[in-house]
Each structure stands twice: as structure tokens, then as C-alpha cells.
Number of protein chains: 2
Amino acid sequence: MANSKLYKGSLSTIILKLLDEEGKMYGYEITQKVKQLTKGELKITEGALYPALHKLEAEGLLDVEVAKVDNRLRKYYKLTEQGEKETVNRLAELEEFIRSMETLLNPKWKLL
Amino acid sequence: MANSKLYKGSLSTIILKLLDEEGKMYGYEITQKVKQLTKGELKITEGALYPALHKLEAEGLLDVEVAKVDNRLRKYYKLTEQGEKETVNRLAELEEFIRSMETLLNPKWKLL
DNA sequence: CAAATATACATAAATTTCTTATGCATAAGT
DNA sequence: ACTTATGCATAAGAAATTTATGTATATTTG
């Protein structure tokens, strides 16, 4: 996998948001969903994803449930109650960041 | 200084964009400008800013010019020709990232 | 006028987060 | 048979930042 440009810090928020929308997902599914939704612009690498999932779980924001499909293992993650609250916070933070970036990138202030 | 949430990777692009708009700026001025434009949402710390400026200079994207104002030192930075080209690229990348994030955060896809 | 704040640069240690490189295993396509 | 897709995982290294300092001058404030 080559370039993706994720801007460090946004990954866990993306995960939380997807789980909030989809209810439950497993790791591989998340990588494919992000690739599909962003038309290949964002590629979540496994080396980033799995540690991130484990961390979110350790923080008590995710619950895991193991399933076996076609003799292959899947680990389904879903938000805990605490995870849902934290999702709200992180989304607000990320959206605030995006608004700030747009302010900087669309310099209406140049006119002032 | 407390929270700012810069999302690693965006700092150098912010610097390049500001210099593209303002022509030339010195470090401290950049921190204040970002704080002002984002109404305090984004705070560039000095520990991040100065190494970033030095790196951009080392990469040949910035030129420096030292000035003394009120017996205090200022290092004015401005884009080199190469810096102007690179600014275009990095802005495009960052805007692409923002579009991707908005796709993920505003799930019209939930309706599909 | 002494102390605090603002201006202005800088660097180093530690932390966080990610990339790259592996590794294992099963299923499906060619 | 071989490659690609599915599915998990970890470790080493790189990159970008935070936090903590350090130095120095100017201005504001009690």
C-alpha cells in the first residue's frame, strides 16, 4: 500500500464514527469501507488499524465479539456506552479542526 | 499552552499557505496569526513551529531574512520558487483530505 | 520600580501515531 | 499451482508533535 495521507490523529475518530453509523464492524471491513467511501483516497493500513482498535478497546470505548465465518476469524467491534459519548466529543473536535483549516485555506481574511 | 489538536502533518502546509498569502512572516507572527484567524482554536506551539520552519528551509521551500526591530531579532521567511510550487501540491493534498473527511463525517452513504 | 506578561528566537527529551515489513492462516480465482 | 483476497497480528523505524527548558529584550501593571 502506498500513499494515503491520513494526518495523524484522525484515525481513531474515523473508526468511532464508522462504528457509530454501522453498529458493528470488523477490522478488514473498516479498511474496505474507508477505501470505498473515499474512492481510494484514504487507505487504512493494517499496521495502523489493529493497534488503534486495540487501544480503543483498552480505553473502554469498544467492545469485541469474535465470530467465525467461512472458517475464518472475525473480530466485530462496537461502541460501548462510554464509546458513544467519546465519539461525540471527538467528532466535535475533528469538525472544529476542519472548520479551522477551511478558515486558513479559504482566506476571506485577505480581503480585510 | 494547552490543547490545540493540530493533526500531525498539517502544520507545514499551514505555514506555506500563510506565507503564500502574506508574502513574508516571522515565526512569532505566524503563531499569532493562526491563533487570531482560528479564534484560538489552533495554537501553534513554538516547539513545533521552529523545527518546522527550519525543515522547510532545509528543503529549499523557504528563504530567510534576518531583521532587527526594537532591538529584537526577527527572522522573516518567504516562499522560494520551489516553495510556491510545493505549496500548490500540499494544499491540493490537504483539501483532498478534508473532502475525504467530510465524506466520512457526513454519511449520506447511510441512505444508500 | 519590581514583577509579570509579551515578544522572539531555540533545542532536547519524551510521546504519539503512523509506515513498512513481516508473519500466520484460510478461501477463492486463474 | 500460483496469485489475490480475506482476516488477524506485531515489531522496528520514521515522523511530527508536546512538554519542558533556556536565553534575551520590551512593555505593561500594581
Side-chain angles (χ1 to χ4, degrees), chain A residues 1-16 24-36 40 42-59 61-62 64-77 90 93-94 97 100-101, chain B residues 1-16 24-36 40 42-59 61-62 64-77 90 93-94 97 100-101:
Chain A
M1 307 191 179
N3 55 330
S4 42
K5 268 295 163 189
L6 238 207
Y7 293 93
K8 302 184 181 180
S10 55
L11 177 57
S12 64
T13 307
I14 291 174
I15 293 171
L16 293 174
K24 66 174 186 178
M25 300 181 84
Y26 57 99
Y28 186 75
E29 189 183 10
I30 292 176
T31 67
Q32 301 307 303
K33 191 76 179 175
V34 170
K35 200 198 293 182
Q36 172 219 323
L42 255 53
K43 286 175 188 163
I44 310 294
T45 63
E46 298 163 298
L49 177 69
Y50 292 114
L53 286 171
H54 299 159
K55 191 181 179 197
L56 289 170
E57 188 194 350
E59 289 169 344
L61 306 183
L62 300 186
V64 197
E65 188 188 331
V66 178
K68 203 162 197 176
V69 179
D70 289 331
N71 203 35
R72 273 200 238 87
L73 199 71
R74 284 182 186 175
K75 288 195 172 176
Y76 281 97
Y77 290 90
R90 299 213 193 177
E93 236 174 43
L94 184 50
F97 168 75
S100 292
M101 288 309 302
Chain B
M1 306 192 179
N3 57 328
S4 44
K5 267 298 165 189
L6 238 208
Y7 293 94
K8 301 182 182 182
S10 55
L11 176 56
S12 64
T13 307
I14 292 174
I15 293 172
L16 292 174
K24 66 174 186 176
M25 299 181 85
Y26 57 99
Y28 186 75
E29 188 184 9
I30 291 175
T31 67
Q32 300 308 302
K33 190 76 180 175
V34 170
K35 200 198 292 182
Q36 171 219 323
L42 256 50
K43 286 174 189 165
I44 310 295
T45 63
E46 298 162 296
L49 177 69
Y50 292 114
L53 286 172
H54 299 160
K55 190 181 181 197
L56 289 170
E57 189 193 351
E59 290 169 344
L61 306 182
L62 300 186
V64 198
E65 188 188 332
V66 178
K68 204 163 195 175
V69 179
D70 288 334
N71 204 35
R72 270 200 239 89
L73 198 72
R74 284 183 187 175
K75 289 196 174 176
Y76 280 97
Y77 290 90
R90 299 214 193 177
E93 235 174 43
L94 184 49
F97 167 75
S100 291
M101 288 308 302

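The basis for the numbers below is simple: all heavy atoms, side chains too, and nothing from hydrogens, waters or symmetry mates. Quick note on labels: first sequence line is chain A, next is B, and so on, each numbered from 1. All figures in this text were calculated on a predicted structure; none of them were measured in a lab.
- At whole-Å resolution of the value, CG in B:D70 and C1' in D:dA24 are 14 Å apart.
- For B:N71 and D:dA24, the shortest distance from a side-chain N or O to OP1 or OP2 is not below 4.0 Å.
- Taking NZ of A:K24 as the start and CZ of A:R74 as the end, the distance is 9.5 Å to the nearest 0.5 Å.
- By the 4.5 Å heavy-atom criterion applied to side chains, A:S10 and A:F97 are not counted as neighbours.
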Reading nucleotides 5-13 of chain D 5' to 3', which nucleotides get B (base under 4.0 Å from a protein heavy atom), which S (sugar-phosphate only), which -? SBSBBB---
Grab the N/O contacts between the protein and nucleotides 14-16 of chain C below 3.5 Å, and write none if there aren't any.
residue: C:dT16; atom: O2; partner: B:K8; partner atom: NZ; Å: 2.7

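- The two residues B:L11 and B:A52 have their closest heavy-atom pair at CD2-CB, 3.9 Å.
- Here B:L56 contributes atom CG and B:L61 contributes atom CG; the two are 5.5 Å apart, rounded to the nearest 0.5 Å.
- Between the CG atom of A:L62 and the CD1 atom of A:I15 there is a distance of 7.5 Å, given to the nearest 0.5 Å.
- Here the closest heavy-atom approach between residue A:E57 and residue A:Y77 is recorded as OE1-CE2, 4.1 Å.
- A pairwise comparison of heavy atoms in B:V34 and B:L42 identifies CG1-O, 3.5 Å as the closest pair.
- Residue B:K43 contributes atom NZ, which lies 12 Å from atom P of C:dA6 at whole-angstrom precision.
- As rounded to whole Å, 13 Å separates atom C1' of C:dT19 from atom CD1 of A:I44.
- In this structure, A:L56 atom CG and C:dT17 atom C1' are separated by 13 Å, rounded to whole Å.
- Contacts of B:T13 classified as side-chain contact (heavy atoms from CB on, under 4.5 Å), with partners at least two apart in sequence or in another chain: B:R90, B:L91, B:L94.
- Atom CG in B:L42 sits roughly 15 Å away from atom C1' in D:dT18 (whole-Å rounding).
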